[in-house]
Amino acid sequence: MERAVFFEGGKKAFWHTTSHIMAHAVKRLYPDVKLAIGPATDTGFYYDFDTATPLTMEDLKKIEKEMKRIIKEGLKLEKFSLPRAEALELMKDEPYKIELINELPEDEEITFYKQGDFVDLCAGPHLEKVSEVKAYKLLSVTGAYWRGSEKNKMLQRIYGVSFVNQEDLEAHLTALEEAKKRDHNKLGRELELFTTSEYIGQGLPILMPKGARVIQVLQRFVEDEEERRGYQLTRTPMMAKSDLYKISGHWNHYRDGMFIMGNEDDKEVFALRPMTCPFQFQAYLTKMHSYRDLPIRYNETATLFRNEASGEMHGLIRIRQFTLAEGHIVCTPAQLEEEFKGCVDLAVFMLTTLGLDEDVSYRFSKWDANNREKYIGDPDEWESVQNTMREILDHLGIDYKEADGEAAFYGPKLDIQIRNVHGKEDTLITIQIDFQLAERFEMEYTDADGTKKFPYILHRSSLGCYERTLALLIEKYAGAFPTWLAPVQVKVMPISEKHFDYAKSVENALKAQGIRLENDTRNEKIGYKIREAQKQKIPYMLVVGDKEEEDGTVAVRSRKEGELGAIALDAFIEKISREIKTKAR
RNA sequence: GCUGUUGUAGCUCAGUCGGCAGAGCACUUCCUUGGUAAGGAAGAGGUCGGCAGUUCGAAUCUGCUCAACAGCUCCA
């Protein structure tokens, strides 16, 4: 993207103009199509159309050709504005534009851009003439709801991208192809980290030995670190009676997302847990607590179940059963800031260790005051807690953006967001302030003055859910995990059968140090074994033949450093052990 | 859930007009015993995603369904 040279006015104007050219072409080819909206995005542009029949990839080719003609015509873009009545008259055949005009504030200027016989309601800015757009590509056509609401009609959205020259376009398309090669959903299967089965179902991945190994390493790392930071591990049930969720509010506010067993007529209805909070709360409730006991930090490696809609699943990123590095902190108001900071510190520590710290962004997820039925609790309290949270975030010096309507139903969140190879943003880690559930569950503590009070509860994760984190690590490292995470750290490769015994002794020496390895004793040439180990992105290959056997060495080939030559076995073990211990990247 | 695309061997993919199910890699066996990204030969491997329908005959046409992919909505 950096390579592209854009017309003055920025790439947004450039792309926005391209979207007008596309809409112009669509109108010429399909006059009955109604125009919705067509903005520039961070990575290109799109336009939404209301069409009688869905558009196909064939249509996109036709539209691209028509765009070429329009660009050749060298039309100028002219801006003009109209009084409301005339604007409505001009757009009388465009119901979506009329809806937009009617919603503009009274005093707002209603502006249009015109290029030849094509006019669009638009605030601009735009390029001066369409011929500035030298290279473009329509990438995909998909459905998109009018105004982003599933209650509205589904429109046809065409995505595209454009540049000032063909070279930049080619480079961009190549970069998109390269990104796809890192796609965890493809790479993760190729590297035998996970698979899926249509007999098991959507959103229910099978973690293969290698994928399960990576997650085991991560899990041990998380649990050890959390123990060090004063957490106490719980293991709570994966299902509960509906009674529990009725108290927590999940029954009313999260029911669509839950797997419920049985129906209302049954004496007892059970549901798989979508969250761990009410379960860990039961642990707190086993006895009376003094303010002196707080904060109490519970953690759990918690498998959760959420009934995602069928179209929402994606690889290991959105699934129906996943395991969260979960935890809840019960604390006093005075401890809230300190505990919150502790959660952020832990999350940042995890991200830094994994090498993901530079790839995340922070989102302060607030409630939507206009959509109160989605949340529980008092509006004033919401505002007050959100203000407290904003103060804490400001004290932390985090660069965050605020987002309305993204809060949990019981409180505001700090979401640590990350983008996948397709540019789609997902929450990796979340830290939430809950000022409501303690009261619902009657979780009290006795304060210094002898009165009973309700604590704050922090719902937090330290590195998110293991499956999603694994997915993003696959994409981050293109499958070439740092040695400490690699499912297979070393491949021992005897040159021929003569060296199998020595290879076995190397294997045993490494295994004794807890190093994960495979010993390739297949009847293949060394070049073949190396090629395969390279494709599997194994950090270290140890070639052993006559020379090595004689000297007690291994010929090391490092994924990162290339050929290192013959090294004494002990020296290699020391080298790799240090690398693993320091979690080097 | 919605819109679109796609499902043929473990993987990547051919398969024309409805007429015997194909290739490369991987796998097995044998030969080869080797020095840093594919040694050679032979063999085995298929409910053509599934279920119905049309037809003398379906991988191919139709319907339903399951799954995967991109997006929308939703979300860790």
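So that the names make sense, note that chain A is the first sequence line, chain B the second, and so on, each numbered from 1.
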Assess Arg557(A) against Tyr540(A): is NZ or CZ under 6.0 Å from the centre of the six-membered ring, and within 45 degrees of the ring's axis? no

Quick one: Glu150(A) CD to rC74(B) P, roughly how many Å, whole number? 7 Å

Assess the pair Trp382(A) and Phe435(A): is the distance between their ring centroids shorter than 6.0 Å? yes

May I ask you to check whether Glu225(A) and Tyr231(A) show a side-chain donor-acceptor distance below 3.5 Å? no

Let's test this: given Watson-Crick or G-U wobble pairing with both distances under 3.5 Å, identify the partner of rU36(B). none

Would you say the side chains of Thr303(A) and Gln321(A) form a donor-acceptor pair under 3.5 Å? no

Rounded to whole angstrom units, what separation is found between the NE2 atom of His184(A) and the C1' atom of rA76(B)? 14 Å

Measuring to OP1 and OP2 of rA67(B), would you say a side-chain N or O of Tyr199(A) lies under 4.0 angstrom away? no

Looking for any heavy atom pair under 4.0 Å, which part of the strands does Tyr46(A) touch: base, sugar-phosphate only, or nothing? nothing

Would you please confirm or rule out a distance under 4.0 Å between OP1 or OP2 of rG34(B) and any side-chain N or O of Lys498(A)? yes

Base, sugar-phosphate or nothing for Arg468(A)? Non-hydrogen atoms, less than 4.0 Å. base

For Ile526(A), which contact category applies under a 4.0 Å heavy-atom criterion: base, sugar-phosphate, or nothing? sugar-phosphate

rU3(B), rC72(B), rG34(B): which one has an atom nearest the side-chain heavy atoms of Gln156(A)? rU3(B)

Taking the side chain of Asp546(A) as its heavy atoms from C-beta onward, which of rG35(B), rA70(B), rU73(B) lies nearest to it? rG35(B)

Can you tell me how far C1' of rG71(B) sits from CG of Asp426(A), to the nearest Å? 14 Å

Thinking salt bridges, do Lys529(A) and Glu532(A) make one under a 4.0 Å N-O criterion? no

Nearest-angstrom distance, C1' atom, rA26(B) to rU62(B): 37 Å

Starting the side chain at C-beta, find the nucleotide from rA37(B), rG71(B), rG1(B) nearest to Tyr159(A). rG71(B)

Given rA76(B), is OP1 or OP2 found less than 4.0 Å from the side-chain N or O atoms of Lys413(A)? yes

Of rA76(B), rC74(B), rA38(B), the nucleotide closest to the side chain of Glu312(A) is rC74(B)

Tell me: CD of Glu192(A) to C1' of rC11(B), nearest whole Å? 11 Å

When rounded to the nearest Å, what value does the distance between P atoms of rG1(B) and rA38(B) take? 47 Å

Hunt down the Watson-Crick or G-U wobble partner of rU29(B), both distances under 3.5 Å, from any strand shown, or write none. rA41(B)

Which nucleotide sits closest to the side chain of Cys465(A): rU73(B), rG35(B), rA76(B)? rA76(B)

Name the nucleic acid region contacted by Lys424(A), choosing base, sugar-phosphate or nothing; use a 4.0 angstrom heavy-atom cut-off, strictly under. base

Can you tell me how the ring of His459(A) sits relative to the ring of Tyr410(A), calling it parallel under 30°, perpendicular over 60° and tilted otherwise? parallel

Check whether the aromatic ring of Phe322(A) stacks on the base of rA76(B), taking stacking as ring centres less than 5.5 Å apart and planes within 30° of each other. yes

Rounded C1' spacing from rC17(B) to rU73(B) in Å: 43 Å

Reading RNA chain B from 5' onward, which residue's closest nucleotide shows up sooner: Leu316(A) or Val141(A)? Val141(A)

Closest to the Tyr528(A) side chain, choosing from rC75(B), rC27(B), rG34(B): rC27(B)

Picking from rC74(B), rU36(B), rC2(B), which would you name as closest to the side chain of Arg557(A)? rU36(B)

Tyr477(A) and Phe481(A) aromatic ring geometry - parallel, tilted or perpendicular at 30°/60° bounds: tilted

Hey, which of these two, Ala555(A) or Thr427(A), hits RNA chain B nearer its 5' end, going by closest nucleotide? Ala555(A)

Rounded distance (Å) that lies between atom C1' of rU5(B) and atom CD1 of Ile158(A): 15 Å

Scan Ala533(A) against the nucleic acid and name what it touches under 4.0 Å (heavy atoms): base, sugar-phosphate only, or nothing. nothing

Phosphate oxygens OP1/OP2 of rA68(B): is one of them under 4.0 Å from a side-chain N or O of Gln202(A)? yes

Report yes if a side-chain nitrogen or oxygen of His314(A) is closer than 4.0 Å to either non-bridging phosphate oxygen (OP1 or OP2) of rG71(B); otherwise report no. no

Is His422(A) near enough to rA70(B) that one of its side-chain N or O atoms lies under 4.0 angstrom from OP1 or OP2? yes

For rC48(B), the nucleotide meeting Watson-Crick or G-U wobble distances (both under 3.5 Å) is none

Atom P, compared across rC13(B) and rA52(B): separation rounded to whole Å: 30 Å

Aromatic ring centroids of Tyr47(A) and Phe49(A) under 6.0 Å? yes

For rG53(B), the nucleotide meeting Watson-Crick or G-U wobble distances (both under 3.5 Å) is rC61(B)

Looking only at the side chain of Glu308(A) (C-beta and beyond, no hydrogens), which of the listed nucleotides rC74(B), rC72(B), rU36(B) gets closest? rC74(B)

Nearest to the side chain of Thr142(A), which nucleotide is it out of rA76(B), rG71(B), rG1(B)? rG71(B)

Please classify the nucleic acid contact of Gly565(A) as base, sugar-phosphate, or nothing, using heavy-atom distances under 4.0 Å. nothing

Provide the distance between the two C1' atoms, one in rU6(B) and one in rU12(B), to the nearest whole Å. 15 Å

Mind checking Gly545(A) for me? I need base, sugar-phosphate or nothing, with any heavy atom below 4.0 Å counting as a touch. base

Nucleotide paired to rA70(B) in any strand shown, Watson-Crick or G-U, under 3.5 Å: rU3(B)

With rounding to whole Å, what would you report as the distance between rU60(B) and rG50(B) at their P atoms? 10 Å

Please state the C1' separation for the pair rG45(B) and rG24(B) - nearest whole angstrom. 15 Å

Report the base-pairing partner of rA23(B) (Watson-Crick or G-U wobble, both distances below 3.5 angstrom), or none. rU12(B)

Ring center gap for Tyr375(A) and Phe409(A) short of 6.0 angstrom: no

Remember a base hit wins even if backbone is also touched, and classify Ile319(A) as base, sugar-phosphate or nothing at under 4.0 Å, heavy atoms. base

With a 4.0 Å cut-off on heavy atoms, is Glu548(A) in touch with a base, just the backbone sugar-phosphate, or nothing at all? base

Among rU12(B), rU73(B), rC75(B), the nucleotide that comes nearest once only the side chain of Lys186(A) is considered: rU12(B)

Could you give the distance separating rG49(B) and rA59(B) at their C1' atoms, to the nearest angstrom? 12 Å

NA contact type, Ala144(A), heavy-atom cut-off 4.0 Å: base, sugar-phosphate, or nothing? sugar-phosphate

Under 3.5 Å, is there an N or O donor on one side and an acceptor on the other linking the side chain of Arg157(A) and the base of rC72(B)? no

Between rC11(B) and Arg189(A), counting only base atoms on the nucleotide and side-chain atoms on the residue, is there a donor-acceptor pair under 3.5 Å? no

For Gly311(A), answer base if it contacts any base atom (sugar-phosphate contacts may also be present), sugar-phosphate if it contacts only those atoms, and nothing otherwise; contact means non-hydrogen atoms under 4.0 Å. base

For Phe349(A), does the six-membered ring have the charged nitrogen or CZ of Arg229(A) within the cation-pi criterion, i.e. under 6.0 angstrom from the centroid and within 45° of the normal? yes

Answer with base, sugar-phosphate or nothing: what part of the nucleic acid does Arg522(A) contact at a heavy-atom distance below 4.0 Å? sugar-phosphate

